[in-house]
Amino acid sequence: MLKIGVLVSGRGSNLQALIDNIERGTLQASIELVVSDNPKAYAIERCKKHGVRCEVIRRKEYPTKEDFEEAIARSLQSKGVELVVLAGFMRILSKRFLSYFPERVINIHPSLIPAFQGLHAQKQAVDFGAKFSGCTVHIVDESVDAGPIIIQAVVPVLPEDDEDSLSERILKFEHRILPQSVQWFAEGRVKVQGRRVLIAGAKYGELPVNPALEKF
Ligand code: GAR
């Protein structure tokens, strides 16, 4: 059973997808700790409902960003967390934080990176007139929404789309590719070679999700 920690800032629907798959038995992981940097995040309610341990760690309670990140890292390490999952965590983590969990911090981003990095990725896609967007799970490095890619799902952008409708279409795939990625870590199948990530035994070349989803 892979011990994971999940960092959130808001709604927590991706956290919910992890919880649901764990409860269903399709994801061999245990959420040892959820950390929210936002005391009002709805994700906290989800934790209460499902008996998941959650801590609020606020940036403003620490003099420096480094101290804030140290507090998060210490909490995660004290629970024996092996993989850190950023699920709508809206902060950029420093090299020092990442060094505590080498190649073991992953993030979900609502675009096909490197397109539309940063905030409001879905609005960026609509405004740009993209015909396809999607979502990505990647390993976090010092860049913003640009680390080595584990899996991507392609989602069409329709002429009548606005930010909300596209976000909703993309989100359905986020809820599948994030648990799938965590499961691949749990199975020890994720091999990182520089920028390239290979999932041992995965089926590549299928649309709209590459590598292909197995059970999510
Ligand atoms: C998700 O769409 C996630 O991809 C995005 O924030 C949302 C969080 O939703 N993350 C980013 O934009 C990171 N750059 P959730 O709280 O319901 O999981």
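Read the numbers this way: they start at 1 and go in the same order the structure lists the ligands and their atoms.
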Among all protein heavy atoms, pick the one closest to atom 12 (O) of ligand 1 and tell me residue, atom and distance.
-> Pro110 CD, 3.4 Å
Nearest to atom 8 (C) of ligand 1, what protein heavy atom do you find, and at what distance?
-> Gly88 CA, 3.6 Å
Does the distance from a Lys or Arg side-chain N to an Asp or Glu carboxylate O, for Glu70 and Arg96, drop under 4.0 Å?
-> yes
Atom 4 (O) of ligand 1 [closest protein heavy-atom partner, distance rounded to 0.1 Å] | Glu174 OE1, 2.7 Å
Hey, which atoms in ligand 1 end up nearer than 4.0 Å to a heavy atom of Arg11?
-> 9 (O), 15 (P), 16 (O), 17 (O)
Looking at Leu27 and Pro179, what are the two nearest heavy atoms and their distance?
-> CD1-O, 3.7 Å
For Ile92, does the CD1 atom sit with more than 12 other heavy atoms under 6.0 Å from it, leaving out its own atoms?
-> no
With only distance considered, is Asn107 within less than 3.5 Å of ligand 1 through an N or O on each side?
-> no
Would you find more than 12 non-hydrogen atoms of other residues, nucleotides or ligands less than 6.0 Å from Glu168 atom CD?
-> no
Arg59 and Asp37 ion-paired at < 4.0 Å | no
In the protein, what heavy atom is nearest to atom 15 (P) of ligand 1, and what distance, to one decimal place, separates them?
-> Ser13 N, 3.4 Å
Exercise: identify the closest heavy-atom pair between Pro156 and Arg169 | O-NH1, 3.0 Å
Do other residues, nucleotides or ligands put more than 12 heavy atoms under 6.0 Å from Lys123 NZ?
-> no
for atom 6 (O) of ligand 1, nearest protein heavy atom and its distance come out as Met90 CE, 3.6 Å
Which residue and heavy atom of the protein sit nearest atom 14 (N) of ligand 1, plus the separation | His109 ND1, 3.1 Å
In the protein, what heavy atom is nearest to atom 16 (O) of ligand 1, and what distance, to one decimal place, separates them?
-> Gly12 N, 2.7 Å
Which of the numbered atoms in ligand 1 are below 4.0 angstrom from a heavy atom of Asp145?
-> 14 (N)
Does His120 have a non-hydrogen atom less than 4.0 Å from ligand 1?
-> no
Could you check atom 10 (N) of ligand 1 against the protein and tell me its nearest heavy-atom contact, residue, atom and distance included?
-> Ile108 O, 3.6 Å
Counting only heavy atoms not in Lys215, do more than 12 sit closer than 6.0 Å to its NZ atom?
-> yes
